Amino acid sequence: MARRSWAEPFKIKMVEPLSMTTRAQREAAIAAAGFNTFLLRSRDVYIDLLTDSGTAAMSDRQWAGMMMGDEAYAGSENYYHLEDVVHRVYGYKHLIPTHQGRGAEHILSRMCIKPGDFVPGNMYFTTTKAHQELAGGRFVDVIHDRAHDSTLEHPFKGDIDLGKLRALIDKVGATKIPYLCVQCNVNMAGGQPISLANLREVRALCQKHGIRIFLDATRAVENAYFIRQREAGYAGTSIAQILLEMCSLSDGCTCSAKKDSLVNIGGFLCVNDDDLAEQARGMVVVYEGLHTYGGLAGRDMEAMAIGIEESVQEDHIRARIGQVEYLGQKLIDAGVPIVRPIGGHGIFIDAARFLPHIPREQFPAQALACALYVESGVRAMERGAVSAGRNPDTGENIFPSLELVRLTLPRRVYTQAHMDVTAESVIELFKNAPKIVGLKFTFEPRQLRFFQARFAPVVGSRVLVSEAAAEPVGAKQCCCGGGGCGGRARV
Ligand SMILES: *Cc1c(COP(=O)(O)O)cnc(C)c1O
């Protein structure tokens, strides 16, 4: 019999108890955390969907690998194992390990970007953009416009708009563009993939102008899965083969191994160019550690090598994305507005449509993440205006087209029953959406403000009140009068 449902391709060998809290405890906890889910203590969280970064459950083989750590300062066996695996799975010539993804981004940005340069990419990512700006560059979004429409069903919303890329090259000149950063399974767009067809066209255009391409390969395996599912001609190709083909269309990558690669810490930079590799090795010793450990213990590199091999196994990736789709479908069936189609690493709730009564200036996604925690103990994360930060020229808040709350699924950690509880909690909150109150900053850090910012409700002291919240101070009617515009077009 052909099985219709997915199931976890593993059984559980060790368990970690979860803590249950009362609503009163959660109200106190979120207030103490300045209405920022990043500042909650994890012991106060029931189901933790803050991020899929470093939160995976390792396999018995990875744990066994940890015992095989060769903690030599130089030339650890685990480094050579990792180098071999990365070479086989990703195909690049040189590996520079780093403590996590942003370590690789730092080195790449510092090596390649000069003040006044422009770095195009398919939608920004927080740490990537921060490092580009710290190196004196300016990020330019060249993702196709359809990525900004949460309701549009398109198989490859991560695709690059060649017209936008061409326009940038014409405007500033190729010499001012050190490289193009192509993010796989675009995080901030809702985990949406780029197609191989698009990547090939982009490669041809960049080659014509002598512009390098670096992948942000953090979720390249999940992207490869969507290519197999959705792109013509790949139904019979293995995930491993598709991944190699994606990487072959670039000059190197930065990667956070805390996502696809199933480890709790780690990352790497890969380059094909020998000179660039020398330069990167020179920098890694200054900022991370020797080039054969890059800020990691030998055991971490061993777990990463094994995790990378496991990440491209067919059963694993099918169940991984199957679980995300299971949760997403439950929310779609209940009418909850989420980014469509369902992405690879989480469900992105459209907070602007969920909370049409809260103006963008009062950070509806931040408020929704807090209210969900108070309601259920489920921890999610804001991916909207708070994450986007301020325009470096004007100092104004940036209001990206997408104002999202991300329910991110750690790999191999939670069960289908946890997904059911999560869906029930979100659906209950959706029925009570008018009881959620907007937020204002009380403390705003300069860099990556979403991590450590603190907020307060715009009225009262609670983010989820028992009666429908009064129209918040400063809110105006939306254009259609009933929130049917998604609350975006306020007049
Ligand atoms: C997580 C992430 C990074 C940064 O990696 P860290 O390991 O958190 O430093 C970069 N790009 C993308 C797309 C990510 O999701």
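Remember, it's 1-based here, ligands and their atoms both numbered in the order they're listed. Heads up: numbering here begins at 1 and tracks the sequence. Because the structure is predicted, anything quoted here is derived from the model rather than measured.
When only non-hydrogen protein atoms are considered, atom 1 (C) of ligand 1 lies nearest to K259 NZ, 1.4 Å. Here the heavy atom of the protein found nearest to atom 3 (C) of ligand 1 is F125 CE2, 3.4 Å. The nearest heavy-atom contact from the protein to atom 12 (C) of ligand 1 is D216 OD2, 3.3 Å. The single protein non-hydrogen atom nearest to atom 5 (O) of ligand 1 is S256 CB, 3.2 Å, given as residue, atom name and distance. Atom 4 (C) of ligand 1 has T127 OG1, 3.4 Å as its closest protein atom, hydrogens excluded (heavy atom only). Closest protein heavy atom to atom 10 (C) of ligand 1: E105 OE2, 3.0 Å. Considering only non-hydrogen protein atoms, atom 6 (P) of ligand 1 sits nearest to Q100 NE2, 3.3 Å.
Of the options H345, M188, R219, the smallest heavy-atom separation from atom 15 (O) of ligand 1 is shown by R219.
Side-chain atoms of E396 never come within 3.5 Å of backbone atoms of F399 as a donor-acceptor pair (strictly under, hydrogens ignored). At distances below 3.5 Å, not a single donor-acceptor pair connects side-chain atoms of E302 with backbone N or O atoms of I306.
Distances between N or O atoms of G101 and those of ligand 1 include at least one value under 3.5 Å. Of the N or O atoms in Q183, none lie within a sub-3.5 Å distance of an N or O in ligand 1. Checked against a 3.5 angstrom limit, the closest N/O atoms of R102 and ligand 1 fall inside it.
In this structure, F268 has its ring center closer than 6.0 angstrom to the ring center of Y90. Under the 6.0 Å cut-off for aromatic ring centres, F363 and F441 qualify, their centroids lying closer than that.
Using a 4.0 Å cut-off to heavy atoms of N187, the atoms of ligand 1 that qualify are 15 (O). Counting the atoms of ligand 1 from 1 in the order shown, those under 4.0 Å from a heavy atom of K258 are 7 (O).
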- List the steps, then state whether salt bridge (charged side-chain N to carboxylate O under 4.0 Å, His left out) holds for R138 with E133. CA-CA 6 Å; R138 177 64 61 92; E133 288 175 353; 5.3 Å; no
- Task: For the pair Y293 and Y73, evaluate ring pair (Phe, Tyr, Trp, His ring centres under 6.0 Å) and give the outcome as yes or no after the intermediate values.
- Result: CA-CA 8 Å; Y293 74 83; Y73 189 90; 5.1 Å; yes
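A salt bridge is absent between R379 and D44; no separation between the charged side-chain nitrogens and carboxylate oxygens falls under 4.0 Å.
Under the side-chain contact (heavy atoms from CB on, under 4.5 Å) rule, R200 has a single partner from V202, N198, L196, which is L196.
Shortest non-hydrogen contact noted between H345 and G190 is CE1-C, 4.5 Å.
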